[in-house]
Amino acid sequence: ISYLRDTQKGALKQIASVTIHNPTDHMMLDTATLRNLELTKNLMDGSRKGSLLELADETQTAMGARQLNEWLLRPLISVEKINERLDAVRFLVEDSYINPGIIDALTGMGDMERIASRVVQPNCSPRDLLLFGQALQKLPELGRAIEKVNTSFGRVWRELWDELPDTHDLLARAIADEPPLMARDGGAIREGYSEELDALRSIKSDSRKLIVQLENDEKERTGISNLRIKYNKIYGYFIEVSRRQSETVPEEWMRKQSLVNSERFISPKLKELEEKIMTAEERAIEVELKLFETVKQEAAKSAPRAQGMASIVGEIDALSALAYLAQVKHYTAPVVNDGEAIEIKGGRHPIIEEAELTERFVPNDTTLDREKSQLAIITGPNMAGKSTYIRQVAIITLMAQIGSYVPADSATIGVCDRIFTRVGAQDHLQKGQSTFMVEMNETAMILNNATARSLIILDEIGRGTSTFDGISIAWAVAEYIHKIGARTLFATHYHELTELAETMQGVRNLSVAVKEWNDEIIFLRKIIEEGADKSYGIQVARLAGLPKEVIERSGEILTQLEANEMDASGAPKLKAQDAEGGADYQISLFAPQVSEVEEELR
């Protein structure tokens with residue numbers, strides 16, 4: 001704060017208090033998890049579109065949007081606090097009258113929190129005060145809307161409720177409906193607030209009327225019927241009479257200019273009126289600036305109270321948005337406890353199910369616990385839905401721990417202290433890191449920080465290196481995670497990992513169901529209790545549009561590999577074909593060819 005005070009030169013009046021955030025009160029989410037689960041940004045272009053935040057953000061105010069964003073980035077790990085939020089959301093979901101009233105009251109409130117911060121600044125503008133008053137104007141309506149919210153949140157809100165009636169009344173009386181951007185431009189103070197200012201404004205606006213009135217009075221007093229009061233930028237206001245009548249003008253008139261056919265004079269009354277008119281605008285601005293400064297200082301005194309109310313409004317808005325989301329998306333209330341099991345029935349990916357796909361989204365069940373189903377090895381072809389499935393489990397868990405309803409038929413969530421994800425391939429070329437290095441860095445971070453209370457989501461560990469290296473690393477990682485005891489979904493193309501279920505308790509084999517038909521595959525999107533025996537890579541390549549010749553040759557090579565056809569040197573008999581279809585050389589998929597002598601010694 002001292003540093004800010006030195007560098008910002010006193011512009012810190014909006015900082016009323018300091019709140020300590022204890023990391024142990026919330027789930028810590030690393031950068032990879034934020035990215036892979038697309039919580040606030042999508043993976044494609046880094047924008048908000050297609051993120052969980054975009055889907056969930058049904059808030060009406062900027063305070064609510066920021067509060068919801070913070071909840072997504074810092075899920076709770078206290079079962080008591082999670083259930084307090086869930087109770088509030090449940091109440092708003094089940095009462096069909098209260099939440100619509102809250103939404104109506106929040107609509108058009110504006111950003112009270114930011115506005116209150118600007119009000120205390122030296123450069124606070126008339127429009128800031130107008131917006132401040134408009135935000136305060138909505139508080140009584142919102143207060144009535146939450147009167148019957150019979151939850152712990154509702155009781156705290158009502159106890160702390162402050163509608164700032166004194167400040168709202170001041171701003172409603174003082175600030176014009178359409179004030180200028182800058183106070184010095186005039187028009188910021190409402191008519192009727194100050195008699196002195198109104199009188200000055202009246203002189204300015206009624207100047208023509210006053211001039212005509214003086215002209216008529218002088219005609220009557222002098223008997224000069226063709227007397228005219230005129231104005232120009234050089235001489236200001238003056239009385240013009242014909243040259244013939246100029247000899248009959250009153251003595252107190254002073255000659256100002258002589259023309260061929262007329263004479264121009266100035267009278268004490270006209271001079272006084274001119275001075276009054278010419279200085280009225282300047283004086284009005286001066287008075288208005290003093291009034292505005294006084295109003296601004298009074299409003300600034302209430303800024304801390306307004307910021308406290310802005311915090312409450314943000315909570316109300318965020319909870320109301322979660323309730324509205326649950327209603328329109330047909331989500332269900334999760335059961336959150338201190339247990340070690342995650343049980344999800346009919347779980348769905350909230351973002352994917354909203355996408356305009358050509359096929360219906362298929363829900364799936366999930367069971368993870370510390371005894372029978374701690375580590376699930378998930379196999380199956382690309383595009384079948386493994387990544388979607390494991391991500392949806394993480395998202396449902398996270399949504400439950402922010403106090404939200406979840407996209408599932410039912411869900412019981414044993415609280416997780418962390419959610420870790422290792423999904424996708426990405427180079428960090430600017431950091432000099434390859435895809436495999438990035439993968440290993442993220443895996444190392446998971447293994448070094450996960451606990452038995454964590455949820456781990458792994459997708460394709462070890463695929464950035466050679467097959468044998470990859471299998472070895474993936475196998476060892478799975479064993480290490482099993483030792484930690486973290487609940488884990490491990491999607492892989494290494495079918496060898498399914499053998500872990502035979503030797504380690506708590507390891508299950510799952511796969512995505514696939515239907516084969518006429519040498520093609522149909523993805524059923526359903527998770528079943530068995531390991532896959534094929535990756536269907538060639539069929540997926542066909543769907544992607546690889547040339548027919550490549551697909552056919554791939555099938556031949558796969559058949560030879562599966563039949564373990566080896567030549568005398570121990571290399572696979574993968575004969576390349578020339579244009580006539582004959583073989584002219586051999587290619588080896590594995591390392592250097594072994595001589596007959598080496599094979600015999602082996």
Side-chain angles (χ1 to χ4, degrees), residues 20-41 43 52 70-79 81-82 336 338-342 366 368-370 373-378 387 390-391 393-402 413-426 428 431 433-464 470 472-492 497 500 504 506-507:
I20 304 298
H21 287 295
N22 189 340
T24 60
D25 292 339
H26 301 89
M27 181 193 297
M28 293 174 62
L29 298 174
D30 59 84
T31 304
T33 297
L34 294 176
R35 182 183 69 247
N36 294 330
L37 297 184
E38 299 180 294
L39 295 184
T40 59
K41 301 176 182 178
L43 286 171
L52 183 60
E70 182 181 342
W71 286 355
L72 279 174
L73 297 179
R74 301 174 68 225
L76 297 168
I77 55 177
S78 164
V79 172
K81 291 181 179 178
I82 293 169
V336 180
D338 279 321
E340 298 177 338
I342 295 177
T366 303
L368 289 173
D369 56 43
R370 292 289 307 284
S373 184
Q374 180 223 322
L375 172 60
I377 305 294
I378 307 167
S387 295
I390 62 177
R391 279 188 174 103
V393 173
I395 290 175
I396 289 172
T397 301
L398 184 142
M399 290 179 71
Q401 290 192 219
I402 70 168
I413 306 296
V415 165
C416 301
D417 61 356
R418 297 277 299 262
I419 295 177
F420 295 97
T421 65
R422 156 87 280 278
V423 177
Q426 185 179 14
H428 284 180
K431 297 181 181 179
Q433 296 179 353
S434 67
T435 299
F436 182 64
M437 188 60 177
V438 171
E439 181 182 323
M440 290 299 98
N441 279 337
E442 293 181 0
T443 304
M445 195 279 297
I446 294 171
L447 299 185
N448 290 324
N449 291 282
T451 72
R453 298 291 304 185
S454 302
L455 173 64
I456 300 177
I457 303 300
L458 298 176
D459 194 4
E460 304 300 343
I461 291 293
R463 66 179 172 183
S472 304
I473 292 171
W475 188 292
V477 166
E479 286 185 340
Y480 193 85
I481 288 173
H482 183 267
K483 184 168 65 174
I484 293 172
R487 293 159 289 184
T488 305
L489 294 171
F490 193 150
T492 181
L497 267 62
L500 286 166
M504 299 169 66
V507 178

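Side chains included, hydrogens not; waters and symmetry mates left out as well; all remaining heavy atoms used.
- Residues Phe490 and Ala474 come closest through the heavy atom pair CE1-O, 3.8 Å.
- Considering only residues two or more places apart in sequence or on other chains, Leu29 meets the side chain to side chain contact (heavy atoms under 4.5 Å, CB included) condition with Met27, Thr33, Leu34, Leu39, Pro75, Leu398, Ile419.
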field: Trace of the side chain to side chain contact (heavy atoms under 4.5 Å, CB included) decision for Phe436 with Ile473
entry: CA-CA 12 Å; Phe436 182 64; Ile473 292 171; 3.7 Å; yes
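- Partners of Ser472 by side chain to side chain contact (heavy atoms under 4.5 Å, CB included), not counting sequence neighbours: none found.
- Here CD1 of Ile402 is found 15.5 Å from NZ of Lys81. Values are rounded to the nearest 0.5 Å.
- With rounding to the nearest 0.5 Å, the separation of CD1 in Ile446 from CG in Asn441 is 11.0 Å.
- Taken to the nearest 0.5 Å, the OG1 atom of Thr488 stands 4.5 Å off from the CD1 atom of Ile481.
- The backbone N or O of Ala450 sits nowhere less than 3.5 Å from a side-chain atom of Arg418 that would complete a donor-acceptor pair.
- To the nearest 0.5 Å, the span separating CD1 on Ile484 from CD on Gln374 amounts to 9.0 Å.
- Counting all heavy atoms, side chain and backbone alike, Cys416 lies closest to Gln401 at N-OE1, 2.8 Å.
- Residues Asn449 and Met28 fail the side-chain proximity criterion, which asks for heavy atoms closer than 4.5 Å.
- For Met445, the CE atom counts as densely surrounded, since its 6.0 Å shell holds more than 12 non-hydrogen atoms of other residues, nucleotides or ligands.
- His26 approaches Leu76 most closely through the heavy-atom pair CD2-CD2, 3.8 Å.
- Taking every heavy atom of both residues into account, Ala491 and Ile390 meet most closely at CB-CD1, 4.2 Å.
- The side chain to side chain contact (heavy atoms under 4.5 Å, CB included) test applied to Arg453 returns Glu340, Val415, Asp417, Thr451, not counting sequence neighbours.
- Once rounded to the nearest 0.5 Å, the distance linking OG1 of Thr40 with CG of Leu73 reads 5.5 Å.
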message: Pair Asp25, Arg74 - check side chain to side chain contact (heavy atoms under 4.5 Å, CB included), show working.
response: CA-CA 9 Å; Asp25 292 339; Arg74 301 174 68 225; over 6 Å; no
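- Annotation: the span from Thr492 atom OG1 to Ile461 atom CD1 amounts to 9.0 Å, rounded to 0.5 Å.
- In terms of heavy-atom proximity, Val507 sits nearest to His482 at CG2-CD2, 3.8 Å.
- Between the Arg422 side chain and the Leu458 main chain, no donor and acceptor come within less than 3.5 Å of each other.
- Counting heavy atoms from C-beta on, the side chains of Arg35 and Val423 never come closer than 4.5 Å.
- With hydrogens and angles ignored, the 3.5 Å screen pairs no side-chain donor or acceptor of Ser373 with any backbone N or O of Asp369.
- When each of Thr366, Leu455, Val336 is checked for a side chain to side chain contact (heavy atoms under 4.5 Å, CB included) with Thr397, only Leu455 meets the rule.
- Side-chain N or O atoms of Arg487 include one that pairs as donor or acceptor with a backbone N or O of Gly414 at under 3.5 Å.
- When all heavy atoms of Ala32 and Thr421 are compared, the closest pair comes out as O-OG1, 3.5 Å.
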task: Go through the steps for Leu52 and Met399 under the test side chain to side chain contact (heavy atoms under 4.5 Å, CB included), then give the verdict.
output: CA-CA 10 Å; Leu52 183 60; Met399 290 179 71; 4.2 Å; yes
